[in-house]
Visitor: 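Let me give you the structure first, and then I'll get to my questions.
Worth saying up front: this structure is predicted, and the values here are computed from it rather than measured. Remember, it's 1-based here, ligands and their atoms both numbered in the order they're listed. Positions are given from 1 along the sequence.
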Amino acid sequence: MTRPGARRPASPALPTSQSLPDELDVLVLGSGVAGLSATVRLASPPEMGTSPSDGLRVGVLTKAELWRSATRWAQGGVAAVLGGDEDSTDLHLADTLAAGAGLCDTDAVRVLVDEGPFRVHELIAMGAEFDRQPGGALDLAREGGHSTARVVHAGGAATGAEVERALVDATRRTAAAILEEWFALDLLVEGGRCCGVRALDAEGRVVDVRARHTVLATGGAGQLFAVTTNPAEATADGLAMALRAGVPVADVEFMQFHPTALHHPAMPRPLLSEALRGHGALIRDANGERFVDELAPRDVVSRAMAAKLSSQGVEHLWLDATGLDSFSSRFPTIKASLEAIGLDPHVDWLPIAPAAHHLSGGVVTDLSGATALPGLWAAGEVACTGVHGANRLASNSLLEGMVFGARLAEAIRGGDDGPSPTGAMRAVLHGGHDARDPDGDFGAGVSVRSGGAGQAGGAAGGAAGGVTAIDVEKTVGRLQRAMFEGAGVVRDAGSLQAATTVIESVATAVGTATPSDRADGELANLVTAAEALLTSATLRTETRGAHARADFPEAAHRWRRRIVHVDGRVTVSSEAVDSP
Ligand code: SIN
């Protein structure tokens with residue numbers, strides 16, 4: 001295999017497959033904000049007011065080191081109502097619903113904005129240090145789509161790193177078993193219940209890790225695209241495992257592109273935080289003219305930029321932060337990364353172009369994080385709780401991980417099992433309309449596979465050996481380019497079909513054998529997720545939020561529904577989403 005870092009020796013201090021109990025109480029997959037927010041509450045940290053004897057047997061399985069999650073890359077911050085009189089949770093709710101473009105679940109957003117401030121304070125109590133004003137009050141920033149300043153941040157624009165540091169430290173104070181450099185291949189499903197995962201351990205051996213409850217907290221899918229702000233780990237692993245197990249997945253056509261990624265060969269693309277625009281940075285076209293409200297929601301800004309890039313025939317536009325006196329003190333980490341490549345933000349305009357950043361959809365959950373498969377839970381970017389709708393509001397994602405990671409931990413501790421018809425789960429439990437029904441309203445023109453059960457990468461039943469006949473790195477690059485060209489900021493039927501053709505040929509080359517290492521497994525997961533995204537994007541014949549169709553440029557009322565993948569089929573929810 002040609003990808004670096006696929007296998008490394010385990011630290012001798014870490015648990016091995018032999019030292020794990022026959023069955024864990026909870027297995028958490030992923031070590032970002034959502035997974036560790038759940039872990040610290042399940043594995044009885046002293047901060048939560050429980051004694052060690054209350055602890056469940058918890059394992060955290062992560063494909064890299066514990067701290068190496070996408071969370072640590074988050075810049076801007078955590079949006080929560082913690083500050084002045086001019087803000088309220090009603091306003092945060094209204095901003096989130098407006099950004100979500102008619103597909104948010106209002107109850108889920110209410111949970112997010114109401115519980116968010118408490119979870120931020122809990123994180124502070126756990127040791128997280130956010131930036132403060134001279135008088136000691138939390139310093140609040142404004143970002144696109146927010147009607148006021150409500151984003152707490154750390155180290156200027158290094159918020160994710162501080163959140164991750166605090167949670168990793170807290171996790172290490174628990175008795176949770178930490179399985180670093182392990183790679184989950186697929187969910188184990190027996191008798192209609194998830195009972196753990198089949199995984200490659202740190203030595204590359206196939207091991208079944210059994211658990212009464214399994215938590216998907218595997219993060220995002222930015223690596224589906226050739227241009228992304230996401231780290232190499234963001235390969236849609238949990239999403240693909242859920243699709244293969246037939247667990248409902250929704251809203252995956254809504255990949256959000258961040259407008260102000262630095263246009264530079266580095267991958268992931270260095271991010272120029274939205275907080276810069278909150279402080280007054282301006283977006284300029286190739287002629288130096290402004291053309292968009294810099295503080296509009298992210299989908300609006302990215303779409304306006306895509307139109308400008310195309311009409312002016314250029315590869316990038318400009319972020320002008322030269323008017324920000326406080327750049328060096330307020331954004332030291334961004335300043336340092338710019339300096340490293342010879343740019344001085346006090347003097348230079350910064351070249352920018354949109355980059356894949358955050359998947360708004362994912363594995364469908366109820367308001368407690370339960371998926372439709374008993375024993376399986378999901379939180380964070382891998383989940384579709386309903387809070388983001390068609391376009392996530394800036395800085396709502398760390399918050400979502402904190403709030404819903406904690407909620408699912410409390411639900412597991414409280415003995416909950418199986419989903420309730422709340423949040424995005426309503427789209428599943430209230431039934432759906434089969435999108436392939438030729439007599440239905442929604443089926444025309446869909447010719448791609450769903451990315452569902454039994455496709456590439458399935459652990460159960462596949463012959464060992466993995467993808468041996470192809471160059472994995474080159475194949476990943478081919479997939480990423482096809483997705484960026486065909487399913488980028490603006491799509492149409494032709495571009496989606498072109499991408500689909502490439503992905504189908506990649507899927508054939510990859511086959512269905514059990515992956516033999518992490519690189520194989522990630523490629524299989526990217527294929528599965530790409531198929532699902534392309535199917536949904538082809539089916540949704542409208543423009544809404546982060547899904548912009550050049551051939552259907554308006555939002556259509558009949559599409560205020562979720563496209564749900566379940567058991568290899570694609571359905572459209574029968575009820576319109578409850579969102580203003
Ligand atoms: C940013 O700092 O611009 C990213 C914040 C986010 O994605 O929510």
Visitor: Checking side chain to side chain contact (heavy atoms under 4.5 Å, CB included) against Met402, which of Glu115, Glu122, Arg119 comes through?
Guide: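 Only one option passes, and that is Arg119.
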Visitor: Please identify which atoms of ligand 1 are closer than 4.0 Å to at least one heavy atom of Ala394.
Guide: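 This gives 8 (O) as the contact atoms.
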Visitor: Quiz question: by atom type and distance under 3.5 Å, do the side chains of His388 and Gln256 form a donor-acceptor pair?
Guide: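 The answer is no; no qualifying pair exists.
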Visitor: Go through ligand 1 atom by atom and flag the ones less than 4.0 Å from a non-hydrogen atom of Gly76.
Guide: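 Listed by number with element, the hits are 1 (C), 2 (O).
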Visitor: Which ligand 1 atoms does Glu274 reach within 4.0 Å, using its non-hydrogen atoms?
Guide: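 Result: 1 (C), 2 (O), 3 (O).
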Visitor: Determine whether the side chain, the backbone, both or neither of Arg392 has a heavy atom under 4.0 Å from any heavy atom of ligand 1.
Guide: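 Contact part for Arg392 vs ligand 1: side chain (C-beta onward).
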Visitor: Going by distance only, is there an N or O of Ser397 that falls short of 3.5 Å from an N or O of ligand 1?
Guide: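 By distance alone, the answer is no.
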Visitor: Give the residue and atom name of whichever protein heavy atom lies nearest to atom 4 (C) of ligand 1, and the separation in Å to one decimal.
Guide: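 Ranked first by proximity to atom 4 (C) of ligand 1 is Arg298 NH2, 3.6 Å.
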Visitor: Are His153 and Thr159 close enough that a side-chain donor and a side-chain acceptor fall under 3.5 Å?
Guide: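 The criterion, which ignores hydrogens and geometry beyond distance, is not satisfied for Thr159 and His153.
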Visitor: Side chains of His358 and Arg392: donor-acceptor distance under 3.5 Å anywhere?
Guide: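 Yes.
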Visitor: Closer than 4.0 Å to some heavy atom of His357 - which atoms of ligand 1 meet that?
Guide: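 The atoms of ligand 1 under 4.0 Å from a heavy atom of His357 are 4 (C), 6 (C), 7 (O).
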Visitor: Main chain of Asp299, side chain of Ser302: is a donor-acceptor contact present, judged purely on distance under 3.5 Å?
Guide: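 No, the answer is negative, given that no donor and acceptor are paired below the 3.5 Å cut-off.
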Visitor: Report the nearest protein non-hydrogen atom to atom 8 (O) of ligand 1: residue, atom name, distance rounded to 0.1 Å.
Guide: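 Among all protein heavy atoms, the one nearest atom 8 (O) of ligand 1 is Ser395 N, 2.6 Å.
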Visitor: If we ignore hydrogens and angles and just use 3.5 Å, is the side chain of Arg277 paired with the main-chain N or O of Glu294 as donor and acceptor?
Guide: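 Judged by distance alone, yes, a pair lies under 3.5 Å.
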Visitor: Report yes if His258 has an N/O atom closer than 3.5 Å to an N/O atom of ligand 1; otherwise report no.
Guide: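 Right, the criterion is met.
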Visitor: Please could you name the atoms of ligand 1 that Gln75 approaches to less than 4.0 Å, counting only its heavy atoms?
Guide: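 In order of number, 2 (O).
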Visitor: What do the steps show when you test Glu253 against Arg491 for salt bridge (Lys or Arg N to Asp or Glu O under 4.0 Å), and what is the final call?
Guide: CA-CA 11 Å; Glu253 62 275 37; Arg491 305 113 184 234; over 6 Å; no
